[in-house]
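To start, the structure under review is shown below, and the notes come after it.
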Amino acid sequence: MSPNDVPSSERRASISDENRLAQFGYKQELKRDWGLSHNFGVSFSIISVITGLTTLFTYGLNTGGPAVMSISWIVVSFFTMMVAIAMAEIVSAIPTSGGPYFWAAMLAPPQHSPFAAWMTGWFNLLGQVAVTTGISFGLANLIPTAVAVKNPDYESTPAKTVGIYAAVLVSHALVNSFGVHALRFLNNASIILHSAGITALCIAVLAKAPSHQPGSFVFGYFYDGTGLDAPGWSDRASVGYVVVCGALLSQYTLTGFDASAHLSEETKNASWSAPIGVVSSVGFSALFGFFVLMALLFSIQNFDDVINTEVNYGSPVLKIFVDVFGEDGALALFTLIMVCVWHCGLFSMTSNSRMMFAFARDRGIPHFFHQVDTRFRSPIRTVWLAATLSFILALPSLGSSVAFSAATSIATIGLYISYGLPILIGLIWQKPFEAMKGPFNLKGLSRPIAGIACAWIMAITVVFCLPTSNPVTDQTLNYTVVAVGIIAVGATLAWVISARKWFTGPAAEVAEAMRLGVDLMEPGALEEKEKHVGAKEIGAGPASE
C-alpha cells in the first residue's frame with residue numbers, strides 16, 4: 001500500500017503523533033502501528049492476573065489466608081485505580097516511551113528537572129527489571145512443578161530453576177529482538193488467552209468442583225503461616241501486620257500498567273489511546289482478577305492439603321486443579337496458565353526495553369543502548385540489557401528461600417515509587433501541569449485523586465519492605481529494602497558526585513516549552529512566550545514606569 005492509499009484520517013493522525021513527539025525534541029524512530037486495543041493489550045498482558053495469583057498464591061495463603069486475599073484485592077484495586085487515573089492524566093499530556101522519568105522532568109521546576117528525571121528513571125528501571133524477574137522466574141518455578149506431576153522422582157533444585165529461568169529469558173529476548181512484527185499478533189493471542197481462556201478455565205473449575213467453600217471461609221478465614229519453626233507474625237507482632245503484608249499478592253498482580261505509556265511512541269493517537277490503555281487495563285484486570293481469585297478460593301476442597309507442600313505438588317493452584325480434574329486435566333489447565341505467564345514475561349521485557357531505550361536517549365544510562373536496529377525496528381541492545389539485569393536479580397534465589405517474594409516486593413515498590421514521583425510533582429506544581437494537559441483531563445478531581453494516589457504509594461513502600469517470615473535470618477531476610485536502598489543511595493550519590501554535571505534529562509527548551517504551553521515546532525513561539533511571561537513578572541516592563 002502506497003502512502004497515497006492510506007486513509008486521509010489515518011495519515012493526519014500519524015502526522016499529529018509525529019509532530020507531538022517532535023515537540024518533545026525527538027524524531028519517530030520506532031514503528032507506530034499499534035492501536036488502542038494493542039496498547040491496552042500490552043498492559044493487560046503484563047498485569048496478567050493469572051500470573052500474579054498463580055505465582056504468589058502460596059504466599060497469599062500463608063500470609064493471611066483466604067480472608068486477606070479476598071478483602072485486600074478489593075481494597076488494593078480501588079487505590080490502584082486512583083494511581084492509574086492520576087497517571088493517565090499525565091500520560092495524555094506527555095505520551096513518550098520514557099514514561100515516568102520523562103513526566104517527572106517535564107513537571108518539575110527547571111532547576112529540579114534533571115534530578116527529578118534521574119531519580120524517577122532509576123526507580124522505574126529497577127521496577128521494570130524486577131517485574132520481568134518476578135514473572136519469568138515465576139514461570140521457571142511452574143515448569144518443574146508441572147514436570148513432577150507425572151515424574152514424581154524428578155527433583156527440582158535452585159540451580160535447575162535458574163537454568164530454566166535463563167532459557168525463558170532468552171526466548172523472550174529473541175522474540176523482542178527479531179520478531180517485533182509478530183508482537184502485535186502475539187499480543188492479540190495473549191488477550192484471548194488471558195480473557196476467554198482463563199474465563200473458561202475458571203468456569204470449568206467452579207462447575208466441576210465436587211464441593212464449594214462457604215462465603216465465611218473465602219471472606220472470613222484467617223491463616224498465619226509466616227512462622228518457620230517459630231510463632232507467626234500474628235503472634236510476634238499483630239494480626240494487622242500479617243494483613244498488610246498479605247496485600248502484596250494483590251498489589252504485585254496489579255502492577256506494570258505503565259507499559260501503555262512506554263509503548264506510546266508506537267501507538268496511534270497516543271494522547272488518547274495511551275491513557276485509556278492505562279485505566280482500562282487496571283479496571284478490567286481488577287474485575288477479572290477478582291473473578292479468578294473467587295473461582296480458586298471457592299473451589300478449595302481441603303485447605304490443609306492445599307497449603308501442605310508435601311501433598312500439593314509444590315503449587316496450591318495445581319493441587320486445586322488435581323482435586324477437581326485429576327492429574328491429566330490439571331496438567332492441561334496448568335499448561336494454559338504457563339502459556340499465559342510466558343506471554344506476560346514477553347511483554348514485560350518489551351516495556352522494559354522501551355523504557356531503557358528512552359532513558360539511554362537522554363543519557364540516563366550509557367548512550368550505547370540508544371539504538372534501533374534498522375532491519376528489525378527493535379531496540380535490540382536494551383532488550384538484551386533487560387534480559388541480563390533480570391537474570392542477575394534472580395541469582396539470590398540460589399541461597400535464599402524468600403528471594404522470589406522479595407523480587408515481587410522490589411518490582412512493586414520500584415515501579416510505584418516511579419509512578420508516584422511525577423504524580424507528586426504534578427500535585428505540588430499544579431499550574432505548569434495545567435498548561436500541558438491533554439484530552440484526558442480530570443479538571444477539579446485532579447488534585448484529590450493525585451493526593452490519594454501518593455498517600456497509598458507511600459504506605460505500600462513501607463509495608464512491603466517488612467519481613468514476612470519469622471524468625472528473620474540471613475535466609476529469610478526481605479532484601480527488598482537492600483535493593484531499593486541501593487538504588488536510592490546509589491542514584492543520589494551518583495548525582496552528587498557526577499551526574500549533575502552532565503545529565504540534563506530531556507532538552508531544557510523542550511521542558512520549558514511544555515511548562516509554558518507553547519508549540520516548540522512554531523518558530524519564535526517559545527521566545528515570544530518567555531518575553532511575555534518575563535514582562536508580567538516584572539510588572540509589565542517599561543510601560544509601568
Side-chain angles (χ1 to χ4, degrees), residues 49-78 145 198-228 231-254 285-327 329-330 333-334 337 405 408 463 468-470:
V49 293
I50 194 63
T51 296
L53 290 176
T54 301
T55 55
L56 276 183
F57 208 75
T58 299
Y59 175 90
L61 288 177
N62 284 289
T63 316
V68 173
M69 295 167 74
S70 56
I71 300 301
S72 72
W73 186 273
I74 298 171
V75 175
V76 168
S77 294
F78 172 79
T145 297
I198 300 303
T199 298
L201 180 152
C202 293
I203 292 174
V205 170
L206 286 169
K208 190 75 167 55
S211 63
H212 296 99
Q213 295 288 346
S216 58
F217 170 83
V218 173
F219 293 99
Y221 183 68
F222 176 85
Y223 177 79
D224 181 9
T226 59
L228 304 176
W233 279 106
S234 60
D235 292 326
R236 181 175 177 180
S238 67
V239 170
Y241 183 95
V242 178
V243 169
V244 296
C245 289
L248 175 63
L249 176 143
S250 303
Q251 193 67 76
Y252 168 70
T253 301
L254 296 174
S285 294
L287 294 173
F288 185 61
F290 186 72
F291 169 64
V292 175
L293 183 61
M294 291 299 99
L296 294 174
L297 292 177
F298 273 110
S299 299
I300 291 175
Q301 300 302 298
N302 185 302
F303 183 77
D304 291 335
D305 287 347
V306 167
I307 62 172
N308 187 344
T309 56
E310 294 183 3
V311 297
N312 73 353
Y313 298 89
S315 167
V317 173
L318 181 56
K319 175 60 176 172
I320 294 171
F321 291 167
V322 171
D323 288 343
V324 175
F325 298 101
E327 289 185 349
L333 296 183
F334 209 63
I337 290 177
S405 60
T408 60
V463 168
T468 55
S469 294
N470 185 44

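Every value quoted in this text rests on a predicted model; they were computed, and no experiment measured them.
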Can you check whether W233's main-chain N or O pairs, donor with acceptor, with T226's side chain at less than 3.5 Å? yes
Residues that D235 engages under side-chain contact (heavy atoms from CB on, under 4.5 Å), provided they are two or more places apart: P231
Should I337 and L201 be marked as a side chain to side chain contact (heavy atoms under 4.5 Å, CB included) after you check the CA-CA gap, both sets of side-chain angles, and the distance that decides it? CA-CA 9 Å; I337 290 177; L201 180 152; 4.1 Å; yes
Pairs under 3.5 angstrom only: tabulate donor-acceptor contacts from the side chains of residues 202-219 to other protein residues two or more places apart or in another chain.
from : atom 1 : to   : atom 2 : distance (Å)
S211 : OG     : Q301 : OE1    : 2.9
H212 : NE2    : L206 : O      : 2.7
Q213 : NE2    : I300 : O      : 2.9

Could you tell me which non-hydrogen atom of L61 sits nearest to which non-hydrogen atom of F303, and how far apart they are? CD2-CE1, 3.9 Å
Distance check, rounded to the nearest 0.5 Å: D305 atom CG versus N308 atom CG? 6.5 Å
How far does CD1 of I320 sit from CG of L296, to the nearest 0.5 angstrom? 5.0 Å
Output, in order, the C-alpha distance, side-chain angles, deciding distance and verdict of side chain to side chain contact (heavy atoms under 4.5 Å, CB included) for F57 and L297. CA-CA 10 Å; F57 208 75; L297 292 177; 3.9 Å; yes
Within the side chain of N62, is there an N or O that forms a donor-acceptor pair under 3.5 Å with the backbone of T58? yes
Output for pair (T145 OG1, K319 NZ), nearest 0.5 Å, gives 14.5 Å
Could you walk me through whether L249 and L53 pass the side chain to side chain contact (heavy atoms under 4.5 Å, CB included) test, one step at a time? CA-CA 7 Å; L249 176 143; L53 290 176; 3.4 Å; yes
Please tell me if the side chains of V49 and F290 come closer than 4.5 Å, counting only heavy atoms from C-beta onward. no
Decide whether S250 and S72 meet the rule of one side-chain donor and one side-chain acceptor closer than 3.5 Å. yes
Nearest heavy-atom pair of A330 and F321: which atoms, and what distance? CB-CB, 3.5 Å
For the residue pair Y221 and Y223, categorise the inter-ring angle as parallel (less than 30°), tilted (30 to 60°) or perpendicular (more than 60°). parallel
Give a yes or no on whether the backbone of T51 and the side-chain of T54 come within a donor-acceptor separation of less than 3.5 Å. no
Minimum heavy-atom distance A67-S70, with the two atoms named: O-OG, 3.2 Å
Straight-line distance of D323 CG to N312 CG, nearest 0.5 Å: 10.0 Å
As a quick check of understanding, evaluate side chain to side chain contact (heavy atoms under 4.5 Å, CB included) for F291 and I198, giving each step before the final call. CA-CA 10 Å; F291 169 64; I198 300 303; over 6 Å; no
Considering only distance and modelled atom types, tabulate donor-acceptor pairs under 3.5 Å from the side chains of residues 238-248, sequence neighbours left out.
from : atom 1 : to   : atom 2 : distance (Å)
S238 : OG     : G240 : N      : 3.4
S238 : OG     : Y241 : N      : 3.2
Y241 : OH     : P467 : O      : 2.6

Between S234 and D224, the two heavy atoms sitting closest are OG-OD2, 2.5 Å
